[in-house]
Amino acid sequence: MEDISFALGSIKAIVWGEDAMAFVGVGTIRNNLILVIQDSDMNAVIKCLHAAGFRDAPWSYGSTVNPKLYEDEKMRDIHYRIAIGYYYIDVNSIRFEYPVDSKEEGRVILVRSSYAHLSLQLIPESRFTFHQGLYFPDRELLLESFVKTVVREPEPSRWSSTLEFWSITYLYGQLMLDDDVLDSSTDKKAKTWFNENIRRYSGGLDRSMTKRRGRRVLTTQTQC
């Protein structure tokens, strides 16, 4: 993460997605570094990354490689069909590859704070841990952010399923968060969705199953 924190300089960024979950103890696989950027800082961050050698990587979040690199037209078509399921994250993010000489893999995904419902201007910094030049939200705040985002997706999709998996299977399931973890939230829509998906008032979830399904590839702060 040193490449990105150096490129950002004094601009603050919040880690989201897989790396943020790994930081709070979830066993998951790191595919991309997702950063939440204050809306007003987005243009400045784009300029900073370009200046530091980061390269535009506009293909869909759902594809790990640029589909245009495939010579087989069928493979390109597969990736284009996959992209349909990630339309809403694609239109709400800007994607980069690391500089050519970087040892980092995957991409950097920039997401606006208004989309992720996560902002250092609105939330006390005590809810974050500053690590390697970036801000990591605590697990309750991260969960709330995912849930607020998924409930506002216009329609079910592969991306909304990803957000649901992150929220219920990974954070709630693996970390054994309390059922009332979002009770203090002022977002009624998010609380209702969460309570329904954990079956809070209808028998509850078997979280021993959700814990077994999580693959422990990247975990804890020391591995970020």
Side-chain angles (χ1 to χ4, degrees), residues 1 4 8 13-24 26 28-43 45-46 49-50 54-69 76-98 104-120 134-137 139 141-172 187 189-190 193-194 197 214-215 217-218 224:
M1 293 185 185
I4 189 70
L8 290 174
I14 300 170
V15 180
W16 209 53
E18 294 99 341
D19 282 280
M21 290 188 291
F23 193 82
V24 295
V26 172
T28 183
I29 295 175
R30 179 186 182 275
N31 295 308
N32 302 290
L33 174 60
I34 307 179
L35 297 177
V36 176
I37 306 296
Q38 196 67 34
D39 289 33
S40 58
D41 289 335
M42 185 62 81
N43 289 337
V45 169
I46 293 170
L49 294 191
H50 281 150
F54 285 78
R55 300 161 291 159
D56 292 325
W59 58 91
S60 176
Y61 176 91
S63 296
T64 57
V65 297
N66 187 351
K68 292 182 179 180
L69 297 177
R76 291 197 299 270
D77 288 344
I78 289 173
H79 279 267
Y80 292 142
R81 288 198 296 271
I82 290 173
I84 295 172
Y86 294 94
Y87 173 78
Y88 294 109
I89 181 61
D90 289 344
V91 298
N92 284 289
S93 66
I94 300 171
R95 300 166 294 283
F96 292 88
E97 284 187 299
Y98 285 91
E104 294 285 350
E105 298 180 354
R107 286 182 291 172
V108 175
I109 313 291
L110 305 182
V111 176
R112 289 178 175 82
S113 58
S114 58
Y115 178 73
H117 305 279
L118 200 57
S119 171
L120 283 160
L134 301 171
Y135 290 84
F136 291 78
R139 58 189 189 176
L141 184 58
L142 185 61
L143 172 65
E144 185 177 11
S145 170
F146 290 161
V147 174
K148 284 182 175 180
T149 304
V150 72
V151 298
R152 287 168 175 81
E153 290 296 288
E155 60 186 359
S157 65
R158 291 191 180 197
W159 170 240
S160 66
S161 295
T162 298
L163 289 168
E164 180 178 345
F165 194 80
W166 288 354
S167 302
I168 305 302
T169 303
Y170 276 166
L171 288 175
Y172 173 74
D187 192 318
K189 191 173 183 179
W193 182 93
F194 180 71
N197 278 270
R215 290 182 289 178
V217 175
L218 175 64
C224 294

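In this chain, residues are counted from 1 in sequence order. Bear in mind that the values here come from a model prediction, so they are computed numbers and not experimental data.
- To the nearest 0.5 Å, atom CE of residue Met21 and atom CZ of residue Phe146 are 5.0 Å apart.
- Ring centroids of Trp159 and Tyr87 are separated by 6.0 Å or more, keeping the two rings apart.
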One pair to check against side chain to side chain contact (heavy atoms under 4.5 Å, CB included): Phe96 and Ile46. What are the steps and the verdict? CA-CA 9 Å; Phe96 292 88; Ile46 293 170; 4.1 Å; yes
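- Considering every non-hydrogen atom in both Asn32 and Asp19, the closest pair reads O-OD2, 3.4 Å.
- Although no hydrogens or angles enter the test, the distance criterion places no donor-acceptor pair under 3.5 Å between the side chain of Ser60 and the main chain of Ser63.
- Between Asp39 and Arg112, none of the side-chain N atoms (NZ, or NE/NH1/NH2) sits under 4.0 Å from a carboxylate O, so this pair counts as no salt bridge.
- In terms of heavy atoms, Leu143 sits closest to Ser167 at CD1-O, 3.5 Å.
- In this structure, Leu134 CG and Leu8 CG are separated by 6.5 Å, a value rounded to the nearest 0.5 Å.
- Atom CD of Glu105 sits in a sparse spot, with 12 or fewer heavy atoms from other residues, nucleotides or ligands closer than 6.0 Å.
- Looking at His50 and Asp56, their side chains do bring a donor and an acceptor atom within 3.5 Å of each other.
- How far CZ of Phe165 is from OH of Tyr170: 4.5 Å, rounded to the nearest 0.5 Å.
- Inter-residue side-chain proximity for Ile94 and Met42 is flagged as met; some heavy-atom pair is nearer than 4.5 Å.
- For the pair Tyr115/Val36, no side-chain contact is recorded, criterion being any heavy-atom separation below 4.5 Å from C-beta on.
- With contacts defined as side-chain heavy-atom distances shorter than 4.5 Å, the pair Leu33/Arg107 does not qualify.
- The distance from the NE2 atom of His117 to the NZ atom of Lys148 is 7.5 Å, given to the nearest 0.5 Å.
- Using a 4.5 Å cut-off on side-chain heavy atoms (C-beta onward), Tyr86 and Thr162 make contact.
- For the pair Gly62 and Ile82, the tightest heavy-atom approach, listed with the atom from each and the gap, is O-CG2, 3.8 Å.
- Nearest heavy atoms, Ala13 versus Ile37: CB-CD1, 3.6 Å.
- At a threshold of 4.5 Å between non-hydrogen side-chain atoms, the residues Leu35 and Ile4 count as touching.
- Considering only heavy atoms from C-beta on, Leu142 comes within 4.5 Å of Leu171 through its side chain.
- Residues Val24 and Pro137 come closest through the heavy atom pair CG1-O, 3.7 Å.
- Put simply, the side chain of Tyr61 does not reach to within 4.5 Å of the side chain of Ser93, judged on heavy atoms.
- Between the side chain of Arg30 and the backbone N or O of Glu18, no donor-acceptor pair lies under 3.5 Å.
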Any chance you could lay out the side chain to side chain contact (heavy atoms under 4.5 Å, CB included) test for Ile14 and Trp16, step after step, and finish with the verdict? CA-CA 6 Å; Ile14 300 170; Trp16 209 53; 5.6 Å; no
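- Shown here for Pro58 and Arg95, the closest heavy-atom pair between the two residues is O-NH2, 2.8 Å.
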Report the C-alpha separation of Ile34 and Val108 in whole Å, then their side-chain angles, then the decisive distance to 0.1 Å, and conclude whether the side chain to side chain contact (heavy atoms under 4.5 Å, CB included) test is met. CA-CA 6 Å; Ile34 307 179; Val108 175; over 6 Å; no
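- With Asp90 contributing its side chain and Trp59 its backbone, the two residues share no donor-acceptor pair below 3.5 Å.
- Distance check, rounded to the nearest 0.5 Å: CG of Asn197 to OG1 of Thr169 gives 10.0 Å.
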Decide yes or no on side chain to side chain contact (heavy atoms under 4.5 Å, CB included) for Phe23 and Val15, but give the supporting numbers first. CA-CA 9 Å; Phe23 193 82; Val15 180; over 6 Å; no
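- A donor-acceptor pair is defined here as one N or O able to donate and one able to accept, closer than 3.5 Å; no such pair exists between the side chain of Ser145 and the backbone of Leu141.
- Side-chain contact between Tyr88 and Pro154 is present, with at least one heavy-atom pair separated by less than 4.5 Å.
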